[in-house]
Amino acid sequence: MPELPEVEVVSRGVSEAFAGRRLTRVVRRCERLRWPVPAGLEAQILAGPVLRQVLRRGKYLLLGFDAGTLLLHLGMSGSLLHLPAGAPPQKHDHLDLVFGDRLLRLHDPRRFGAALWCSDDVTTTMATHPLLVHLGVEPFSAAFTARHLYEASRERTVAVKQFILSGKAVIGVGNIYCSEALFRARIHPARMAGSLTLPACRRLVQEIRQTLADAISAGGSSLRDFVDSRGEGGYFQLQHRVYGRAGQPCPVCATPIRVLKQQGRSTFFCPKCQRRANH
DNA sequence: AGAATAACCTGCGTGC
DNA sequence: TGCACGCAGGTTATTC
């Protein structure tokens, strides 16, 4: 479910609904997600229970409480539901953060997500936590430039699709938006990363930003639906141009969209619009 | 060091 | 109806 745009939408939703509010109860139903959920989590958060700020780094969410920072990741299948306090838990509901009459519930069937506690504040956690400190450049930061992508990709023989997913040049771009951005930039996904020209890097940087921004806007338009109940409302209305559309006509040239497997993951592209060579 | 692979999980759709 | 299989939005650890 969550790539950067979805996490951003969730982050904004949580901030709007809960920033400044006092946590009243924590219920942990799951011992391990990707890593063990810390045993003393409840007591640690409740030692300083006001939620001060909510930040995103890559696909991580940071919930800054007075006592420290709750680090969340939604993995492949995670969602954060905003429900009335006392809503009966369903299967795969792993963690409740109760703020008086409302609660935030972490739901994650595949359990690739994470919930970790760090006693530092959000800023320090962002800068020093082992899972965050080595993360690369944010796509909306000033550091994500064509020149940066160009330099980072030199000598790389790996396919550009995999290079973007690797997080070496930019973070937060997942499998869906990587296909979408490469399509918009008219770059073949199997092209060697090191063969990208500076103009190609310029297009890719631009289109990664634009694709993510469009997705955030689409999610934001039904943010309330997303956060309130069904959990999937926000981004499915996003118009995918190639992702999941194998065999359907390219929206630009009507050539059938193709799918290929790269490192076990599906990539969708238009064989006519996205050429391997030059520019 | 870069690149490929395995691993962690559950659920859903498909085809036999 | 049951079962095997492949597939799914992510990331880390291991191996070559």
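Each chain gets a letter, A, B and so on, in the order its sequence line appears, and its residues count up from 1. Atom set for the values below is all heavy atoms of this structure, side chains included, hydrogens, waters and symmetry mates excluded. It should be emphasised that the depicted structure is a prediction, and the values quoted were computed from it without experimental measurement.
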| Parallel under 30°, tilted from 30 to 60°, perpendicular over 60°: which one fits the rings of A:Phe268 and A:Tyr243? | perpendicular
| query | Does any nucleotide pair with C:dC16 by Watson-Crick or G-U wobble geometry, both distances under 3.5 Å, and what is it? | reply | B:dG2
| field | Under 3.5 Å donor-acceptor, A:Arg28 side chain and A:Ala39 backbone | value | yes
| task | For A:Phe163, answer base if it contacts any base atom (sugar-phosphate contacts may also be present), sugar-phosphate if it contacts only those atoms, and nothing otherwise; contact means non-hydrogen atoms under 4.0 Å. | result | nothing
| said: If I take atom CD in residue A:Gln263 and atom C1' in nucleotide B:dA7, what distance separates them, rounded to the nearest angstrom? | reply: 14 Å
| task | State whether the aromatic ring of A:Phe112 stacks on the base of C:dT11, taking stacking to mean ring centres under 5.5 Å apart and ring planes under 30° to each other. | result | no
| message | Using a 4.0 Å heavy-atom cut-off, does A:Lys168 contact any base of the nucleic acid, only the sugar-phosphate backbone, or nothing at all? | response | nothing
| request: Whole angstrom is fine here: how far is it from CZ in A:Arg154 over to P in B:dG2? | output: 14 Å
| field | Below 4.0 Å: OP1/OP2 of B:dG11 and any side-chain N or O of A:His92 | value | yes
| query | Checking all strands, does A:Arg111 fall into the base, sugar-phosphate, or nothing category for heavy-atom contacts under 4.0 angstrom? | reply | sugar-phosphate
| Phosphate-side-chain proximity, A:Lys59 and C:dG9, N/O vs OP1/OP2 below 4.0 Å | no
| field | Short side-chain N/O contact to C:dA8 OP1/OP2 from A:Arg110, under 4.0 Å | value | no
| task | Among C:dG9, C:dT12, B:dG11, find the nucleotide with the atom closest to the side chain of A:Tyr60. | result | C:dT12
| query | Rounded to the nearest Å, what distance is computed from the CG atom of residue A:Leu33 to the P atom of nucleotide B:dC9? | reply | 11 Å
| query | Nearest heavy-atom pair of A:Leu4 and A:Glu138: which atoms, and what distance? | reply | CD1-OE1, 4.0 Å
| query | Between B:dG11, C:dG10, B:dA3, which nucleotide has the shortest distance from any of its atoms to the side chain of A:Met76? | reply | C:dG10
| request: Just call it for A:Thr157: base, sugar-phosphate, or nothing, with non-hydrogen atoms closer than 4.0 Å on any strand. | output: sugar-phosphate
| task | Report which part of the nucleic acid A:Gln162 touches: base, sugar-phosphate, or nothing (heavy-atom distance under 4.0 Å, all strands). | result | sugar-phosphate
| remark: Under a 3.5 Å limit on both distances, the Watson-Crick or wobble mate of B:dC16 is C:dG2
| query | Which value, in whole Å, describes the distance between the C1' atoms of nucleotides B:dA3 and C:dG9? | reply | 24 Å
| Between B:dA7 (P) and A:Arg32 (CZ): distance, integer Å | 16 Å
| A:Leu131 near the nucleic acid: base, sugar-phosphate alone, or nothing, with a heavy-atom cut-off under 4.0 Å? | sugar-phosphate
| Do the side chains of A:Val259 and A:Val242 join up, straight or via other hydrophobic residues, at under 4.5 Å, putting them in one cluster? | yes
| said: Does a side-chain N or O of A:Ser77 approach OP1 or OP2 of C:dG10 to a distance below 4.0 Å, or not? | reply: no
| request: Indicate whether OP1 or OP2 belonging to C:dA8 is found under 4.0 Å from a side-chain N or O atom of A:Lys261. | output: yes
| task | Determine the Euclidean distance between corresponding P atoms of B:dC9 and C:dT14; express it in Å to zero decimal places. | result | 15 Å
| Euclidean distance, atom CG of residue A:Leu72 to atom C1' of C:dT11 [Å, nearest integer] | 16 Å
| said: How many whole angstroms separate atom CZ of A:Arg34 from atom P of B:dT10? | reply: 15 Å
| query | Given C:dG10, is OP1 or OP2 found less than 4.0 Å from the side-chain N or O atoms of A:Arg265? | reply | yes
| field | Atom-to-atom span, CG of A:Leu135 to P of C:dG10 - whole angstrom | value | 14 Å
| Where the side chain of A:Tyr243 is defined as all heavy atoms beyond and including C-beta, which of B:dA3, B:dC9, C:dG9 is the nearest nucleotide? | C:dG9
| Rounding to a whole Å, what distance do you find between A:Leu165:CG and C:dT11:P? | 9 Å
| A:Leu63-A:Met126 co-clustered via ILVMFWY side chain contacts under 4.5 Å | no
| message | Looking at every heavy atom in both A:Ser266 and A:Lys261, which two are closest together, and how far apart are they? | response | OG-NZ, 2.8 Å
| query | Angle class for the A:Phe18/A:His82 ring planes (parallel below 30°, perpendicular above 60°, tilted otherwise)? | reply | tilted
| said: In whole Å, measure the gap between the P atoms of C:dG6 and B:dA6 for me. | reply: 14 Å
| Hey, does the side chain of A:His73 come within less than 4.0 Å of C:dT11's phosphate (OP1/OP2), counting only N and O? | yes
